[in-house]
Amino acid sequence: MTGDAERPARGWRLAAILALAGLFAGLALLFVRAPSAGAVLFGLPAPEGGALAYVQAIGFRDGALALALAGLGWRAPRSAVALVLRVGLVIPACDFALVALSGPVAWPLALHLASGRVLLGLSLWLSSPAGGREPGARPGG
């Protein structure tokens with residue numbers, strides 16, 4: 001019999017994965033469509049001209065993470081999603097370092113720190129036993 005973490009997420013866990021994917025998709029749209037605003041949210045001064053493409057690259061990165069999380073959330077074992085989230089901790093850690101090195105801007109630093117905590121917390125929750133049937137779990141799943 002396979003372990004609980006080797007089954008795809010269901011119920012609240014799937015909803016949390018998809019909500020996080022949706023959040024990253026929204027950030028991706030912001031960074032790609034409004035890179036100056038995205039830079040401010042990120043915590044760096046908005047570049048000008050062609051340099052805005054670097055900010056858009058952040059959006060493409062976040063979009064790729066959103067698609068990976070959504071796809072894995074639906075189909076892959078929870079342990080695989082947890083692994084992607086843990087590897088993904090590199091993103092907020094590096095973002096935090098970039099912003100901190102550019103000059104302390106308190107709320108973006110807190111935002112990147114919170115992002116890392118969410119990724120870590122969700123990865124730990126996905127790795128834990130379900131403890132019975134989750135609310136909204138799919139029958140036979």
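One-based numbering along the sequence shown. Treat the numbers as computed from the prediction; the structure is a model and nothing was measured. When reading the values below, keep in mind they use all heavy atoms of this one structure, side chains included, and skip hydrogens, waters and symmetry mates.
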Checklist line | Where Leu14 and Gly73 come nearest, the two heavy atoms and their spacing | finding: CD1-O, 3.3 Å
Check: Are any non-hydrogen side-chain atoms of Leu120 and Leu124 less than 4.5 angstrom apart?
Finding: yes
Checklist line | Arg10 backbone acceptor or donor facing Arg78 side chain under 3.5 Å | finding: no
Item checked: Pro129 to Arg13 - nearest heavy-atom pair and separation -> O-NH2, 3.1 Å
Item checked: Closest non-hydrogen atom pair, Ala16 against Leu122 -> CB-CD1, 3.9 Å
Check: Under a single-linkage definition using a 4.5 Å side-chain heavy-atom cutoff for Ile, Leu, Val, Met, Phe, Trp and Tyr, are Ile91 and Leu101 assigned to the same hydrophobic cluster?
Finding: no
Notebook entry, point to check: What pair of heavy atoms forms the shortest contact from Ser123 to Arg86, and how long is it?
Noted result: OG-NE, 3.2 Å
Margin query: A side-chain contact here means heavy atoms from C-beta on lying under 4.5 Å apart; do Leu85 and Leu69 qualify?
Written below: yes
Margin query: Between Asp62 and Ile58, is the side-chain contact (heavy atoms from CB on, under 4.5 Å) condition met? List the steps.
Written below: CA-CA 6 Å; Asp62 286 351; Ile58 294 170; 4.1 Å; yes
Margin query: Membership question, hydrophobic clusters at under 4.5 Å side-chain separation (ILVMFWY): are Leu20 and Leu29 in the same one?
Written below: no
Notebook entry, point to check: Can you check side-chain contact (heavy atoms from CB on, under 4.5 Å) on Phe42 and Val55, steps first, answer last?
Noted result: CA-CA 9 Å; Phe42 190 85; Val55 178; over 6 Å; no
Next item on the list: Quick one: name the residues clustered hydrophobically with Val87, using the 4.5 Å side-chain heavy-atom rule over I, L, V, M, F, W, Y, and just say none if it's on its own.
Entry: Leu83
Next item on the list: Give the minimum heavy-atom separation between Ala82 and Ser127, together with the two atoms involved.
Entry: CB-OG, 3.5 Å
Next item on the list: Determine, using the 4.5 Å side-chain heavy-atom cutoff (strictly less than), whether Leu65 and Leu41 are members of one ILVMFWY cluster.
Entry: yes
Note to self: Return the CG to CG distance between Leu23 and Leu18, rounded to the nearest 0.5 Å.
What the structure shows: 12.5 Å
Checklist line | Same apolar cluster: Leu30 and Tyr54, side chain cutoff 4.5 Å | finding: no
Notebook entry, point to check: Between Leu52 and Ser36, which heavy-atom pair has the shortest distance, and what is it?
Noted result: CD2-OG, 3.9 Å
Margin query: Is the shortest side-chain heavy-atom distance between Ile17 and Leu126 below 4.5 Å?
Written below: yes
Margin query: Would you say Leu111 ends up clustered with Leu98 if hydrophobic residues are merged whenever their side chains have heavy atoms under 4.5 Å apart, either directly or through other cluster members?
Written below: no
